**Student:** 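What follows is a structure written as structure tokens; I'll ask about it next.
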Amino acid sequence: MKPQDLYIYNSLTKNKEKFTPIHEGAVGMYVCGPTVYSNVHLGNCRTFLSFDLVFRYLSHLGYKVRYVRNITDAGHLENDGESGEDPILKKARLEQLEPMEVVQKYTVDFHTTMAKFNALPPSIEPTATGHIIEQIHIVEKIIEEGFAYEKNGSVYFDVLKFNETNNYGKLSGRKLEDMIANTRELSAQTDKKNPQDFALWKKAEPQHIMRWPSPWSEGFPGWHLECTAMSTKYLGNNFDIHGGGMDLKFPHHECEIAQAEACNHISPVNYWMHANMLTLNGKKMSKSTGNYILPNEMFTGENDILSKPFTPTVTKFFMYQAHYRSILDFSSDALEASEKGFNRLMDAYRMLDSIATLEKSSIDIESWRKACYDAMNDDFNSPILIANLFEAVKFVNSLKEEKETISAKDLELLKQTMDNFLFDVLGLQNNDTETSQDAEKLSAAVELLIQLRNQARANKDFAMSDKIRDELASKGIQLNDGKDGTTFSLN
RNA sequence: GGCAUCGUGGCCGAGUGGCUAGGCUCAGCUCUGCAAAAGCUGCUACAGCGGUUCGAAUCCGCUCGAUGCCUCCA
């Protein structure tokens, strides 16, 4: 296929830009992973699924992608003041677990959940606690460069000083003067020179369990530090793509830029990508407000919001029907709509195998295929891609009714393109859950009933035929009478 | 209060300065013993008010409304 240009919306420049990797044919991508102090909720999942799509599409285009996604296993203070509590420690206290037990428990949960969504694992999944030494080195370097100061065993980034030579706020569009003017003066005594300064290293209070030795104190690293340490370690001081949730733009990513620039004198990231929020009742899903739904609740239907359970694939399909940069509002109705659409799509896909070919095609598969790529090349526009896949459903139905014709070569191209996008790029799964052996037995039994029903129908014994149909329907087996006989499907 | 984003048909959601996605719902039709399923066809929207323009839902301004960030957060 002729390579086409990929355009990515860069949050830093607020423009769609042509994607040109630093090293031809290879992409370095870093995505901020979860803080593992509780189960991931569906909103968290949306971000990771958005970047799974990016990862998959880049790989599909032939790029060798090194995808780094961290696990934040050292908690961070809930408040910037001295009285804040680390959420991991808090959880450990509440659940009476060792902090690392908390971390382990929810890391496993995260991995299982992502696997259910058929998200590919990243190339490297580093942990914050595994990179304390690297983080300390960065703090030392920043001090050396004159952009950080130590006070009472803690080290802070000097934002004002940094802003003299660099631009603090360029990602989030904030001006330091405005931030200073709008500072809320509620801070208790603090070691910071300015409220805008952020911690690089914090001295641990006596009750703080997670602590490491450093040149300044026994303590723990600041939140923003780990991503700078791990991204530059595995991807270099300047890499291609950095992703994360929109809510991390400020302060987290802004601080990452500051740290990296202070340290390496180079802007760390060429393309900043931010995935938008999943909302529930019009409000952002969030652990702290209780406004969230868990993936497992989706799959079991055990939540009052849901009218029924939804499979991981349908949930993912629902998400991909919106663009990753748009806010998406969750509702059971919207999920049901997606589910029906998804099933129609998969039905058409299955029918591809039974389509007859002719000499010539009356439909233009080549330009349809191009439209699919155009959609994805335009900042990973999955809703347009999916709209195109539904065009293919129309093709299949028209071909089946012999209103259109297709050549063997084009049919192969159609099938291959559908395969590529449905499974490789979108990472959807066929929902044939039962094992093939069981399916065969079930099929044989239902076929027998269909035969009996057809006999009854031939004898105009509609009481019997309807009884068979309705009894099966009540067991979740739907009979479909078509031109070519009767088939069945499971609800 | 500051910064930013958004407001699209019954619902969910793309996109564009003129050719006006897609899914779901709904209606009609085809098929059918009836129904369901499936398929086909139809439903023309862009918060309000001004302005720029030959032409705006798309650009600009204002108003109203919603959301996000400014504190841990995907």
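Since the model is a prediction, treat every value here as computed from it, not as a measurement.
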**Student:** Does Lys287(A) make a cation-pi contact with Tyr292(A), if we ask for NZ or CZ under 6.0 Å from the ring centre and within 45° of the axis?
**Tutor:** yes
**Student:** If you look at every strand shown and take non-hydrogen atoms under 4.0 Å, does Gly243(A) touch a base, only sugar-phosphate, or nothing?
**Tutor:**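 If one applies the 4.0 Å heavy-atom cut-off, Gly243(A) turns out to touch nothing in the nucleic acid.
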**Student:** Using a cut-off of 4.0 Å on non-hydrogen atoms, how would the nucleic acid contact of Asn381(A) be classed: base, sugar-phosphate, or nothing?
**Tutor:** sugar-phosphate
**Student:** Could you tell me if the ring centre of Phe48(A) sits under 6.0 Å from that of Phe110(A)?
**Tutor:**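 Yes: the rings meet the under 6.0 Å criterion.
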**Student:** How is Ala275(A) classified with respect to the nucleic acid when contacts are heavy atoms under 4.0 Å: base, sugar-phosphate, or nothing?
**Tutor:** nothing
**Student:** Using both distances under 3.5 Å as the test, list the Watson-Crick or G-U wobble partner of C19(B), or none.
**Tutor:** none
**Student:** Using purine N1 to pyrimidine N3 plus N6-O4 or O6-N4 for Watson-Crick, or N1-O2 and O6-N3 for G-U wobble, both under 3.5 Å, which nucleotide pairs with C6(B)?
**Tutor:**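 Checking every strand shown, C6(B) finds its partner in G65(B), with both distances under 3.5 Å.
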**Student:** Hydrogens and angles aside, do Thr313(A) and Gln429(A) bring a side-chain donor and acceptor to less than 3.5 Å of each other?
**Tutor:**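 Yes, a side-chain donor-acceptor pair sits under 3.5 Å.
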**Student:** If C26(B) has a Watson-Crick or G-U wobble mate with both distances under 3.5 Å, name it; if not, just say none.
**Tutor:** G42(B)
**Student:** Given G13(B), A74(B), A36(B), which nucleotide is nearest the side-chain atoms of Leu278(A)?
**Tutor:** A74(B)
**Student:** By nearest atom, which of the nucleotides C24(B), A35(B), C69(B) is closest to the Ala337(A) side chain?
**Tutor:**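 Given the options C24(B), A35(B), C69(B), the side chain of Ala337(A) is closest to C24(B).
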**Student:** Please tell me whether Phe380(A) and Phe51(A) form a close aromatic pair, meaning their ring centres lie under 6.0 Å apart.
**Tutor:**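 When the ring centroids of Phe380(A) and Phe51(A) are compared, they turn out to be at least 6.0 Å apart.
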**Student:** Heavy-atom contacts under 4.0 Å between residues 280-296 of chain A and RNA chain B, which residues?
**Tutor:** Gly282(A), Lys283(A), Lys284(A), Met285(A)
**Student:** Nearest whole angstrom, please: distance from the P of C40(B) to the CZ of Arg344(A).
**Tutor:** 7 Å
**Student:** Answer with base, sugar-phosphate or nothing: what part of the nucleic acid does Arg457(A) contact at a heavy-atom distance below 4.0 Å?
**Tutor:** base
**Student:** Using centres under 5.5 Å plus planes under 30 degrees as the test, is Phe48(A) stacked with A74(B)?
**Tutor:** no
**Student:** Assign Leu479(A) to base, sugar-phosphate, or nothing according to its heavy-atom contacts below 4.0 angstrom with the strands shown.
**Tutor:** base
**Student:** Please identify each residue that fulfils side-chain hydrogen bond (donor to acceptor under 3.5 Å, both in side chains) with Lys170(A), with sequence neighbours left out.
**Tutor:**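 So Lys170(A) forms a side-chain hydrogen bond (donor to acceptor under 3.5 Å, both in side chains) with Glu261(A).
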**Student:** Using purine N1 to pyrimidine N3 plus N6-O4 or O6-N4 for Watson-Crick, or N1-O2 and O6-N3 for G-U wobble, both under 3.5 Å, which nucleotide pairs with U52(B)?
**Tutor:** none
**Student:** Which part of the nucleic acid, if any, lies within reach of Glu336(A) when heavy atoms closer than 4.0 Å are counted: base, sugar-phosphate only, or nothing?
**Tutor:**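 Here Glu336(A) touches no strand at all.
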**Student:** Identify the residue among Phe317(A), Tyr320(A), Phe390(A) that makes a ring-ring contact (aromatic ring centres under 6.0 Å, His included) with Phe342(A).
**Tutor:** Phe317(A)
**Student:** Taking ring-ring contact (aromatic ring centres under 6.0 Å, His included) as the criterion, tell me which of Phe239(A), Tyr30(A), Tyr234(A), Phe55(A) meets it with Tyr67(A).
**Tutor:** Phe55(A)
